[in-house]
Amino acid sequence: MQHRDKSGICVKGLQSQAAAVICWLGWLSAGGALLLQTLFMSTGEQLTFVRWVSYLAPWLAGWLILLAVPAIFARKGMLATSLLILAMPPGLISINWRSSAKITEAVSQSYKVMTYSKMGRNNEIDSVARVILSEKPDILFVQEINDRETANLIQLLNGIYDGAPLFYFADAHYGLILSRYKVTSLLKIGDYSQAAEIDLPEKPLRVWNVHLQKSFGHTDTQYQMTDQLAGQIALTDGAVIAAGDFNATVLNYPYKKIRQTLENAFENAGSGFGFTFPSPARHMGIFTPFMRIDHIFYSRHFNIQNAYVVPDSGNSDHYPVVALFSLKQDR
């Protein structure tokens, strides 16, 4: 028995009601995806609903691909093709195919940089220290950490550099910058980050430890913070790294604004989706990590060798991000 409709587009030739449901669901999803992509291209993040859906772009792509599979078996070529084409923009934007960057010059010194949003209510400083000690970053940025937690963490990390001095700059409101190289705090402008200078062996490095406001309900504030940060970066001639919890994916304004001036470590040297949020510590039920909102940006003065997400969250709701850099040779 064949199920038919007036259009002949869905149920003609299908052998079951279940297949008919898949077909209609496919066209409905394709229409919704087309509408969302059109709105995003024409209005950006101006519409709140579109901005929220943009955080789920990889999963939108996965849903469309999932629906395309039964459409192929049902010999609905037009539907399957439409679903796969619509899955390409959010899928390709969200995933990286690179495994590492190619360095064309000799590297005399490498620097491991790590950003880690600890989660304010995470009191397991031992777990946080364990994650950091497993990576031994040369430069560390920590967000959502208070003075007492900082003191405890510094004590636990005291031997991280095998007896060499440990330098840090802490602020209860903004976070912690820690390094094996001397750290000097700088005058802060705006309410979004710590600014510091780190004395690398080759040259000074200007850094920002960033924690932007969440977009939900505070979009204007997040944009203002982003513009302030971008303005400061634009005025800096030397080597720059800006790292932290940007509360923004690759599709959102903060990422795209900073990306106008700086490169992104995971984009250039990571692989896969690189999701950093949420970890199981966020207690979001069946949800696994589904967005990359923690980033390490860097200036043209660096070569990027590798970037990855640390699989241990240390009971934080964010997974840390690590990048390995070397300074380009002066020419």
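Looking at S193 and Q232, their side chains never bring a donor and an acceptor atom within 3.5 Å of each other. In the model, T150 has no side-chain atom that pairs as donor or acceptor with a side-chain atom of D147 under 3.5 Å. A donor atom on one side chain and an acceptor atom on the other are found under 3.5 Å apart for S110 and Q305.
Judged by distance alone, with hydrogens and angles left aside, the side-chain atoms of T81 form no donor-acceptor pair with the main-chain N or O of M78 at under 3.5 Å. Looking only at distances, no side-chain donor or acceptor of N152 sits under 3.5 Å from a matching main-chain atom of E149. At distances below 3.5 Å, at least one donor-acceptor pair connects side-chain atoms of S279 with backbone N or O atoms of S316. Judged purely by atom type and a 3.5 angstrom limit, K112 has no side-chain atom pairing as donor or acceptor with the backbone of A323. Side chain of K257 to main chain of D227: no donor-acceptor pair is present (N/O by atom type, distance under 3.5 Å, no hydrogens or angles). Of the possible donor and acceptor atoms, one in the side chain of E144 sits under 3.5 Å from a partner among the backbone N and O of G120. S179 places a side-chain N or O within donor-acceptor distance of the main-chain N or O of D138, the cut-off being under 3.5 Å. Distance alone, capped at 3.5 Å, is enough to place a donor-acceptor pair between the S42 side chain and the L39 backbone. A donor-acceptor contact shorter than 3.5 Å links the side chain of Q194 to the backbone of L176. At least one donor-acceptor pair closer than 3.5 Å links the side chain of N122 to the backbone N or O of E124.
Taking the ring centroids of Y116 and F141, they lie at or beyond the 6.0 Å cut-off. Checked against the 6.0 Å centroid criterion, the rings of F273 and F290 do not qualify as a close aromatic pair.
Note on ring orientation: taking the six-membered ring where Trp is involved, the planes of F275 and W59 are parallel (angle under 30°, cut-offs 30° and 60°). Aromatic ring pairs are classed by plane angle as parallel below 30°, tilted from 30° to 60° and perpendicular above 60°; the pair F297 and H295 is tilted.
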### Query
Under the side chain to side chain donor-acceptor pair (under 3.5 Å) criterion, do N264 and Y298 qualify, and how do the steps go?
CA-CA 6 Å; N264 182 267; Y298 64 98; over 6 Å; no
#### Entry: Test side-chain contact (heavy atoms from CB on, under 4.5 Å) applied to V310 and V321, step by step
CA-CA 6 Å; V310 180; V321 180; over 6 Å; no
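Only one option out of L212, D294, T276, N209 pairs with D245 in a side chain to side chain contact (heavy atoms under 4.5 Å, CB included); it is D294.
Both V142 and Y168 are assigned to one and the same hydrophobic cluster, defined by single-linkage of ILVMFWY side chains at heavy-atom distances under 4.5 Å.
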